[in-house]
Student: 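Below is one structure. I have some questions about it.
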Amino acid sequence: MDFYKRLELTGQRIPYGKVATYGQLALLCGKPKNSRQVGYALRRNLAGEQIPAHRIVNASGILSGAGAFETPDMQRMLLKEEGIEVRKTDSGWKVDLKKDGWKNTLSDAVELRGMFDAMGI
DNA sequence: GCACTGACGCGGG
DNA sequence: TCCCGCGCCAGTG
């Protein structure tokens, strides 16, 4: 089981204009408790270059990874370009998970599992 | 093997 | 809602 390979495939399934959480991706990768590794992988670019890292936020909707981009407000700008509302709060820049969060379905999970098995990862 | 770290999550107060 | 403590586990030295 190659967690980072799985993360790469999973990340690419996040729809344009939507955001996903670390825990959500970890769950879809088959490792519910590896949310921290999701952040580690993105920071170190272990999940590929094309993965939409700007669409990944923590469980509160906070843009925790701003520091890993070229400029601190890059992530916020990219989300804005996709039509996602980003608000300034005391704890940082935040998105509305209820409105813009990716509501992945059971079939998404099943489909991913199928891909993992087929690729032996 | 050991201790520490970290783009995190969750329950309790 | 916010803050705190604890749990979690791959990487790193």
Side-chain angles (χ1 to χ4, degrees):
Chain A
M1 122 91 77
D2 188 328
F3 184 73
Y4 300 128
K5 287 280 191 191
R6 289 187 171 196
L7 183 60
E8 181 173 3
L9 291 178
T10 307
Q12 289 171 4
R13 289 184 65 87
I14 304 174
Y16 179 94
K18 294 290 179 185
V19 295
T21 68
Y22 299 91
Q24 182 178 20
L25 293 179
L27 179 63
L28 287 171
C29 287
K31 292 284 189 177
K33 299 172 183 174
N34 279 32
S35 51
R36 306 196 74 136
Q37 274 58 246
V38 175
Y40 175 82
L42 295 176
R43 189 184 53 171
R44 297 286 299 274
N45 264 309
L46 300 178
E49 293 286 341
Q50 3 57 334
I51 189 169
H54 62 284
R55 295 186 196 137
I56 304 175
V57 300
N58 69 23
S60 306
I62 301 290
L63 278 55
S64 324
F69 291 85
E70 296 267 335
T71 63
D73 52 9
M74 182 62 70
Q75 182 175 19
R76 175 169 57 84
M77 298 304 272
L78 289 170
L79 291 175
K80 199 179 177 69
E81 299 250 336
E82 299 189 1
I84 298 176
E85 179 184 8
V86 186
R87 305 178 129 287
K88 173 70 170 174
T89 71
D90 293 335
S91 32
W93 293 98
K94 181 195 239 175
V95 299
D96 185 351
L97 287 175
K98 285 186 177 297
K99 181 165 69 70
D100 298 314
W102 176 34
K103 297 157 194 67
N104 65 289
T105 63
L106 181 59
S107 61
D108 284 320
V110 173
E111 200 171 320
L112 281 166
R113 283 304 287 271
M115 293 173 67
F116 299 156
D117 290 343
M119 297 177 71
I121 61 176

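All chains are named by letter (A, B, ...) in the order of the sequence lines, taking the proteins before the strands, and each is independently numbered beginning at 1.
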Student: Distances under 3.5 Å only, N/O to N/O: pair up the protein atoms with those of nucleotides 3-5 of chain B.
Tutor:
none

Student: Got a second to check how far Lys31(A)'s NZ is from Arg6(A)'s CZ, nearest 0.5 Å?
Tutor: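 Spacing of NZ (Lys31(A)) from CZ (Arg6(A)) equals 8.0 Å.
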
Student: Please round to the nearest 0.5 Å and tell me the distance separating atom CG of Leu78(A) and atom NE2 of His54(A).
Tutor: 5.0 Å

Student: If you find the nucleotide of DNA chain C closest to Arg44(A) and the one closest to Lys33(A), which residue's nucleotide is nearer the 5' end?
Tutor: Lys33(A)

Student: Please give, in whole Å, the distance from dC8(B) P to Gln37(A) CD?
Tutor: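 Those two atoms, CD and P, are 11 Å apart.
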
Student: Indicate, with a heavy-atom threshold strictly under 4.0 Å, whether Ala53(A) touches base, sugar-phosphate, or nothing.
Tutor: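 Base contact.
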
Student: Within the 4.0 Å heavy-atom criterion, would you say Phe69(A) contacts the bases, only the backbone, or no part of the nucleic acid?
Tutor: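 Here Phe69(A) touches the bases of the nucleic acid.
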
Student: Can you check whether Arg55(A) reaches Tyr16(A) side chain to side chain, under 4.5 Å on heavy atoms?
Tutor: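 Yes, their side chains come closer than 4.5 Å.
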
Student: dC8(B) phosphate, OP1 or OP2: any side-chain N/O from Thr21(A) under 4.0 angstrom?
Tutor: no

Student: Under 4.0 Å, heavy atoms only, any strand: does Ala59(A) hit a base, just the sugar-phosphate, or nothing?
Tutor: sugar-phosphate

Student: Is the count of non-hydrogen atoms from other residues, nucleotides or ligands lying under 6.0 Å from Lys80(A) atom NZ greater than 12?
Tutor: no

Student: Tell me: CD1 of Ile62(A) to P of dG9(B), nearest whole Å?
Tutor: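 The answer, rounded to whole Å, is 11 Å.
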
Student: Report yes if the side chains of Asn104(A) and Arg13(A) come closer than 4.5 Å at any heavy-atom pair, otherwise no.
Tutor: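 Sidechains of Arg13(A) and Asn104(A): no contact.
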
Student: How would you give the extent of chain A contacts on DNA chain C, as first and last nucleotide 5' to 3' within a 4.0 Å heavy-atom cut-off?
Tutor: dG7(C) to dT12(C)

Student: What is the distance from CZ of Phe3(A) to P of dC8(B), rounded to the nearest Å?
Tutor: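 The answer, rounded to whole Å, is 13 Å.
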
Student: Side chains of Arg44(A) and Tyr40(A): any donor to acceptor distance under 3.5 Å?
Tutor: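 Distance-only check passes for Tyr40(A) and Arg44(A).
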
Student: Could you pick out which residue, Arg36(A) or Leu46(A), lies toward the 5' side of DNA chain C when each is mapped onto its nearest nucleotide?
Tutor: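 First, find each residue's nearest nucleotide; the 5'-ward one identifies Arg36(A).
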
Student: On a whole-Å scale, what distance lies between the P atoms belonging to dA7(B) and dG13(C)?
Tutor: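 dA7(B) and dG13(C) have their P atoms separated by 15 Å.
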
Student: Could you walk me through whether Leu7(A) and Leu46(A) pass the side chain to side chain contact (heavy atoms under 4.5 Å, CB included) test, one step at a time?
Tutor: CA-CA 9 Å; Leu7(A) 183 60; Leu46(A) 300 178; over 6 Å; no

Student: Any heavy-atom pair between the side chains of Val57(A) and Trp93(A) that's under 4.5 Å?
Tutor: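 No - every pair of side-chain heavy atoms lies 4.5 Å or more apart.
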
Student: Taking it one step at a time, do Gln12(A) and Gln50(A) satisfy side chain to side chain contact (heavy atoms under 4.5 Å, CB included)?
Tutor: CA-CA 8 Å; Gln12(A) 289 171 4; Gln50(A) 3 57 334; 3.4 Å; yes

Student: Does Tyr40(A) reach a base, just sugar-phosphate, or nothing at all? Heavy atoms under 4.0 Å.
Tutor: sugar-phosphate

